[in-house]
Amino acid sequence: MHRARRATKNIYRGASFHSMHWADVVAEQLLQHNQAHVLATAITPSGPIHVGNMREVLTTEAVYRALVDRGGHAELIYIGDTFDPLRKVYPFLSDDYQQYVGMPLSEIPCPCGRHESYAHHFLSPFLESLEELGVHPTVYLAHELYGEGRYHQAIRRALDGADTVRAILSEVSSRDLSSSWVPFTVRCPSCGKLQGEVVDYRYPSVRYRCPSCREEGEVDLRQGGVGKLPWRVDWPARWSMFGVTFEAFGKDHAAAGSSWDTGQRIVREVYGREPPTPLVYEFIHLKGKGAMHGSTGTAVAAEDMLAITPPEVLRFLLMKTEPSRHIDFDTGFGLLDLVDEYDRYERIVFGLEEEQAGVKEAERIYWLSQPHPRAAHVMSAQVPYRHLVTIVQIARDWDQVKEILRRNGEIGELSAYEEGKLRERVDKVSHWLDRFAPESVKFEVQDSLPDIEVSGEMRAFFVSLAAALGEQPWDAEAIHQTIHAVAQEQGMPAGRAFRYLYLIVLGQTKGPRAGYFIHSLGREFMLERLAAAAKAGA
RNA sequence: GGGCUCGUGGCUCAGCUAGGUAGAGCAGCAGGCUCUUAACCUGUCGGUCAGGGGUUCGAAUCCCCUCGAGCCCGCCA
């Protein structure tokens, strides 16, 4: 608001995002330069990949869609940084991993033993999540790119231009580099660590010394996988190799003197081409838990978020928020609110609700949020998420959920699409209840009468209520009123009556709104339970 | 030391690109035939738009300054 909007160019706000969706603004900007684009994203799988990283891919994919919508030609690529060395033994690793520190992630054993490597262990679930989110990039793995010699020319140029690289790094990032520093690290053939220091270079051979095992030797650059460019050079090298024209990256790369600043100069001065159009995104935080960092082990993995959030809702969260704004992801009640908000947008898009203030670009955001836009021409059978939280706890399985919803008249015949969507939500709600839901919304319907003391007052209430409920239509509102009527007959405050009912069904004193709740439980169940309770008090 | 974002009712935010004295959702409160309860509906309370100055007939919106909050970089990626 009162923040200064400097006149100097600001890569955080390349253009105004106000009259159009941000993805469209970026797409138009890109199309002014060129009709064909390569959009790159990349992530280092050194630990569980968190939702913060998800933002990078989804942000880029939104721009991709906007480009394609405008008739542009676009390619979405994803590079897994599988050739990066393991930095340290992260908290989620066993001490055994000490021996692998310094080795490329692709050559370290999988922590669970079920994947090809350490890198795959963390990358695979993330790629599966992308699939669920409807993101389909062309995937490249860095260790393959290096191994196949794709980096050969880029490495050669970096070594030939070592003086330039060194000058840029020390000028722009004010790093203190020795005159012998060279932008290449050799993978020591003897110990496998990516730490070999270059002592001499005469193309195509590189002499190195390994600080770890003290080995000295020579490698041939024409062979693949003999070493790696440091990040600050690797990045511009990729832009050059793939012809990248757009890249979204976190603000960690965008600070003054950071890799974006050095990368721009290196790509121009060493690789002779222009840098991509940048888009800086802010991080996603877990509400109340601070920033999410894969390396600290405190992060919640992207796949965990997806386990509790319908994919279109996760996309929705990112699509409705400008990339430059940070997001607090609330895994508690906030998640329920978010799903409700999504549903509201859906109703607006399908004309069931009027667009109001506080809703922006409903249509565009809704379509960008669809994992499979073509399938979503029909509205989904909306059952409020909060309601599902209750239903899921009453029902034992999907069929029962469906039955209860039918009995309540909340759903009719479902198309395959509707049923799929609803079932997906039920799955997500179940996971949420298991792992994130606040205790206050949890309950468990007891299979038999809980072990409680039934007083005379309770018994009388149960008997009368059973009689009254037995001879009336099974209707939520009617049940609610009957409870009050019977309680009044007995001269009992309504609150006490409800407490008794929750006690015999749940074994606790509170629960979901009684009328609807009992209705969902079914007449047979309720009458049996009342009878059992009355008997216990006899 | 440097960079970015944010500061609008209890909470989360929209509105700011093209100035005309504020708008949603949630929460709260009150109702829904004597009914506090976590899914429903209706109504309603609530904000000197962080503060100061400037431009203007008029500023949450534009300009300048101050304060506050968060994050990032200055190891590696």
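Here the structure is a predicted model, which means the values were calculated and not measured. Below, chains carry the letters A, B, ... as their sequence lines are ordered, and counting in each starts from 1.
- Checking side-chain atoms of A:K251 against main-chain N and O of A:V280 turns up no donor-acceptor pair under 3.5 Å.
- Across all strands shown, A:P512 has heavy atoms under 4.0 Å from base atoms, whether or not it also approaches the sugar-phosphate.
- Note on A:D84: only backbone sugar-phosphate atoms sit closer than 4.0 angstrom, heavy atoms only; bases stay farther off.
- Electrostatic pairing of A:E144 and A:R150 does not count as a salt bridge here, judged by no charged N lying under 4.0 Å from a carboxylate O.
- Nucleotides of RNA chain B nearest to A:K320 and A:I391 differ in position, and the one nearer the 5' end is that of A:K320.
- Across the protein-nucleic acid pair, A:I348 atom CD1 and B:G25 atom C1' stand 11 Å apart, rounded to whole Å.
- Distance check on atom P: B:G3 versus B:U61 gives 24 Å, rounded to whole Å.
- To the nearest whole angstrom, the two P atoms, one in B:A18 and one in B:A22, are 22 Å apart.
- Nearest to the side-chain atoms of A:R344 among the listed nucleotides B:U36, B:G25, B:G32 stands B:G25.
- Looking at heavy-atom distances under 4.0 Å, A:Q393 makes no contact with the nucleic acid at all.
- The nearest whole Å value for the distance from the CZ atom in A:R325 to the C1' atom in B:G7 is 10 Å.
- Heavy atoms of A:T390 sit nowhere under 4.0 angstrom from any nucleic acid atom.
- Across all strands shown, B:U56 has no partner, as no Watson-Crick or G-U wobble contact with both distances under 3.5 Å is found.
- A:T509 comes within 4.0 angstrom of nothing in the nucleic acid, heavy atoms only.
- Taking the C1' atom of each, B:G20 and B:C62 are spaced 14 Å apart, rounded to whole Å.
- With both ends at atom C1', the span from B:A60 to B:U21 equals 10 Å, rounded to whole Å.
- Between A:R386 and A:D337, at least one side-chain nitrogen of the basic residue sits less than 4.0 Å from a carboxylate oxygen of the acidic one, meeting the salt-bridge criterion.
- The nearest whole Å value for the distance from the CZ atom in A:R55 to the C1' atom in B:U5 is 11 Å.
- Using a 4.0 Å heavy-atom criterion, one finds that A:F333 contacts no nucleic acid atom at all.
- Qualifying side chain to side chain contact (heavy atoms under 4.5 Å, CB included) partners for A:T321, counting only residues two or more places apart in sequence or in other chains: A:R55, A:R325, A:I327.
- Closest to the side chain of A:A256, from the set B:G3, B:C33, B:A77, is B:G3.
- Heavy atoms of A:P230 sit under 4.0 angstrom from primed sugar atoms or phosphate atoms, though from no base atom.
- With A:F249 as the partner, the ring-ring contact (aromatic ring centres under 6.0 Å, His included) test is satisfied by one option alone out of A:Y281, A:W235, A:W231: A:W235.
- For A:Q393 (side chain) and A:V441 (main-chain N/O), a donor-acceptor pair under 3.5 Å exists by modelled atom type.
- In this structure, A:Y146 has its ring center closer than 6.0 angstrom to the ring center of A:F83.
- In this entry B:A24 has B:U12 as its Watson-Crick or G-U wobble partner, both defining distances falling under 3.5 Å.
- In the region residues 233-242 of chain A, proximity to RNA chain B at under 4.0 angstrom, judged on heavy atoms, holds for none of the residues.
- Note on A:D234 versus A:R238: salt bridge recorded, some NZ/NE/NH1/NH2 to OD/OE distance being below 4.0 Å.
- Listed nucleotides: B:G2, B:C26, B:C40. Nearest to the side chain of A:R513: B:C40.
- Using P as the reference atom, B:U42 and B:A27 are 14 Å apart when rounded to the nearest Å.
- No contact: A:G250 has no heavy atom under 4.0 Å from any strand.
- If you find the closest nucleotide of RNA chain B to A:R499 and to A:H253, the one lying nearer the 5' end belongs to A:R499.
- Evaluation of atom-type donor-acceptor distances gives no pair under 3.5 Å for the side chain of A:E282 against the base of B:U5.
- For the P atoms, the distance from B:A30 to B:C35 is 14 Å, rounded to whole Å.
- Closest contact between the side chain of A:D252 and the listed nucleotides B:A38, B:C26, B:C73 involves B:C73.
- If you take OH of A:Y281 and C1' of B:C4, they are 14 Å apart, rounded to a whole angstrom.
- Within the 4.0 angstrom heavy-atom criterion, no nucleotide atom of any strand lies near A:G257.
- Remark: the separation of the C1' atoms in B:G9 and B:G47 is 4 Å, to the nearest Å.
- Remark: C1' of B:A38 and NE2 of A:H387 are 13 Å apart, rounded to the nearest angstrom.
- Of the C1' atoms belonging to B:G25 and B:U44, the separation is 16 Å, rounded to the nearest Å.
- Residue contacts shown for A:H484 include a base, since a base heavy atom lies under 4.0 Å away.
- Considering only side-chain N and O atoms, A:R496 lies nowhere under 4.0 angstrom from the phosphate OP1 or OP2 of B:U36.
- We find that A:K421 and A:E424 are joined by a salt bridge, their nearest charged nitrogen and carboxylate oxygen being less than 4.0 Å apart.
- One interatomic measurement links the two molecules: CG of A:L405 to P of B:C40, which rounds to 14 Å at whole-angstrom precision.
- One atom, CG of A:L338, and another, C1' of B:A24, lie 15 Å apart when rounded to the nearest Å.
- Protein atom CD1 of A:I479 is 15 Å distant from nucleotide atom C1' of B:C40, rounded to whole Å.
- Counting heavy atoms from C-beta on, the side chains of A:H21 and A:L368 come closer than 4.5 Å.
- Picking from B:G70, B:A77, B:A38 the nucleotide with the shortest atom distance to the side chain of A:K251 gives B:G70.
- Contact annotation for A:R386: backbone-only contact, meaning every heavy-atom pair under 4.0 Å involves sugar-phosphate atoms and none involves a base.
- In the interface, the side chain of A:H480 is paired with the base of B:C35 through a donor and an acceptor atom under 3.5 Å apart.
- Taking a pair to require two hydrogen-bonding distances under 3.5 Å in either a Watson-Crick or a G-U wobble arrangement, B:C33 remains unpaired.
- Salt-bridge check for A:K228 with A:D81: failed, with every basic side-chain N at 4.0 Å or more from each acidic carboxylate O.
- When both distances must be under 3.5 Å, the Watson-Crick or G-U wobble mate of B:C67 is B:G7.
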